[in-house]
Amino acid sequence: MSGRRSKAGSGVSSATMLRYLPALSPPARPRRRVLVSWTAALLVAAALAGSGGVAWWRAAHDERAETAGRRDAVVIAATRAIETMNTLDYRKVEDGLEAWSATTTGTLHDQLQQVGKEDQALLAQQKKVSTGKVVGLAVVDLGTTTATVVASVQVTVRDGVDAAAEPTVKRNRFTADLVRVGGTWKLESLQQVAVHL
Amino acid sequence: MRGRILRVIAATVVVTLVVLGVAGWTRAISLRHDSPASNAALVDAGRTEELVTAISQSLTQVLSYDYQDPGLTNAAADRVLTGPARDEHTTLFEELRKKAPGQKLVLSAEIQAAGVVTLSGDRATVLVFLDQSSLRAGDKEATVSAAQLSVSAVRVDGAWKISGLRPL
């Protein structure tokens with residue numbers, strides 16, 4: 001009885017084992033296939049990671065981006081400086097001149113330092129408020145610490161006495177040289193582009 | 001058991017590498033996309049200079065006019081203008097053709113300064129300072145006017161053409 005039972009039992013168990021045998025102990029070929037797929041997956045992943053790293057590094061260390069960034073910094077600084085130089089309120093001449101001074105360097109800066117009390121009084125007497133707005137600007141020459149720009153400027157002049165008077169609007173063409181001093185771009189020269197024919 | 005640990009390690013490594021790779025590419029693409037270098041003005045010195053030269057020449061040609069040889073201006077317009085700029089020039093040209101012979105009108109244009117504002121791919125904008133003189137019969141001296149133009153340009157078949165002219 002017991003031997004029969006045991007025989008039957010072992011019969012069931014061996015049948016189960018037979019059924020699961022291939023999964024528990026795969027033959028040599030599929031195992032190699034698994035190894036190959038893992039290796040392939042690792043290689044593909046490594047290639048992706050490697051190329052991603054290189055792409056990132058190259059994008060972050062792009063010389064073109066550096067030049068373009070410098071150009072854009074010049075555009076922003078030149079716009080601000082040229083607008084400042086075309087803006088003056090007769091009620092705040094001293095502030096205006098200080099702003100001119102702060103945005104310039106070199107010869108232009110020196111010339112502005114020479115604006116004396118008499119000139120200041122004269123500017124105040126004119127009772128005008130001028131506001132400059134750059135309507136177009138392009139960099140024509142770009143070095144590491146020097147740049148040249150051309151700018152189209154709209155200057156609006158209001159009469160300080162007669163508030164009802166129509167402001168006069170002029171459009172001026174300028175060429176300006178900038179120099180990078182201590183990390184900031186400053187105006188070194190600012191000249192109107194005269195008609196020349 | 002050992003096989004299972006190996007598989008877990010391998011899977012972790014693969015996933016980590018994929019995440020790193022995707023992160024790298026994503027960052028690179030976003031850096032490139034936001035890069036100020038997408039505007040090649042002055043960054044690509046050769047193309048910038050080529051553009052300035054082309055626009056300067058083209059503008060001088062289409063904004064100069066001699067009542068004795070209007071065909072020259074018209075031919076230049078055909079060659080270098082496109083889109084709205086071409087249409088505007090046609091209107092202006094018709095007007096000139098009617099009036100110019102009676103006045104013996106001669107217009108000549110000269111570029112004072114030009115700089116590239118934007119240059120990306122086949123599109124560009126250029127800031128141009130230009131003087132135009134007009135001389136009529138009976139004039140002792142030419143009348144000179146100063147202009148500031150924002151010029152839009154497109155590259156067609158390897159050559160820059162002016163598509164828009166906007167006085168500033």
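Each chain gets a letter, A, B and so on, in the order the sequences are listed, and its residues count up from 1.
The parts of B:Ala11 that come within reach of chain A are both its backbone and its side chain, each placing non-hydrogen atoms under 4.5 angstrom from that chain. Using a 4.5 Å cut-off between heavy atoms, A:Val193 touches chain B through its side chain atoms alone. For B:Ala142, no part lies near chain A; criterion is any non-hydrogen pair under 4.5 Å. A:Leu43 does not touch chain B: none of its heavy atoms, backbone or side chain, sits under 4.5 Å away. B:Val14 touches chain A through backbone and side chain together, each having a heavy atom under 4.5 Å away. Heavy atoms of A:Val153 lying under 4.5 Å from chain B belong exclusively to its backbone. Proximity to chain A (any heavy atom under 4.5 Å) is shown, for B:Ile29, by neither the backbone nor the side chain. Residue contact with chain B, scored on non-hydrogen atoms closer than 4.5 Å, involves the backbone of A:Ala151 exclusively. Both the backbone and the side chain of A:Arg58 come within less than 4.5 Å of a heavy atom in chain B.
The line from CZ of B:Phe129 to CD1 of B:Ile111 is 11.5 Å long, rounded to the nearest 0.5 Å.
Looking at A:Leu48 and B:Leu17, their side chains never come closer than 4.5 Å, going by heavy atoms from C-beta outward.
Between chain B and the options A:Val54, A:Thr175, A:Val150, A:Val135, the largest number of non-hydrogen pairs under 4.5 Å is found for A:Val150. Of all the listed residues (A:Leu142, A:Asp141, A:Asp62, A:Val139), the one sharing the greatest number of non-hydrogen pairs under 4.5 Å with chain B is A:Val139.
In the model, A:Arg71 has no side-chain atom that pairs as donor or acceptor with a side-chain atom of A:Thr67 under 3.5 Å.
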*How far apart are the C-alpha atoms of A:Gln113 and A:Ser101, what are their side-chain angles, what is the distance that settles it, and do they pass the side chain to side chain donor-acceptor pair (under 3.5 Å) test?*
CA-CA 7 Å; A:Gln113 293 304 109; A:Ser101 219; 2.4 Å; yes
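Judged purely by atom type and a 3.5 angstrom limit, B:Arg155 uses its side chain to pair as donor or acceptor with the backbone of B:Gly158. A side-chain donor-acceptor contact under 3.5 Å links B:Thr12 to the backbone of B:Val8. Side-chain atoms of A:His109 come within 3.5 Å of backbone atoms of A:Thr104 as a donor-acceptor pair (strictly under, hydrogens ignored). A donor-acceptor contact shorter than 3.5 Å links the side chain of B:Ser64 to the backbone of B:Ala109.
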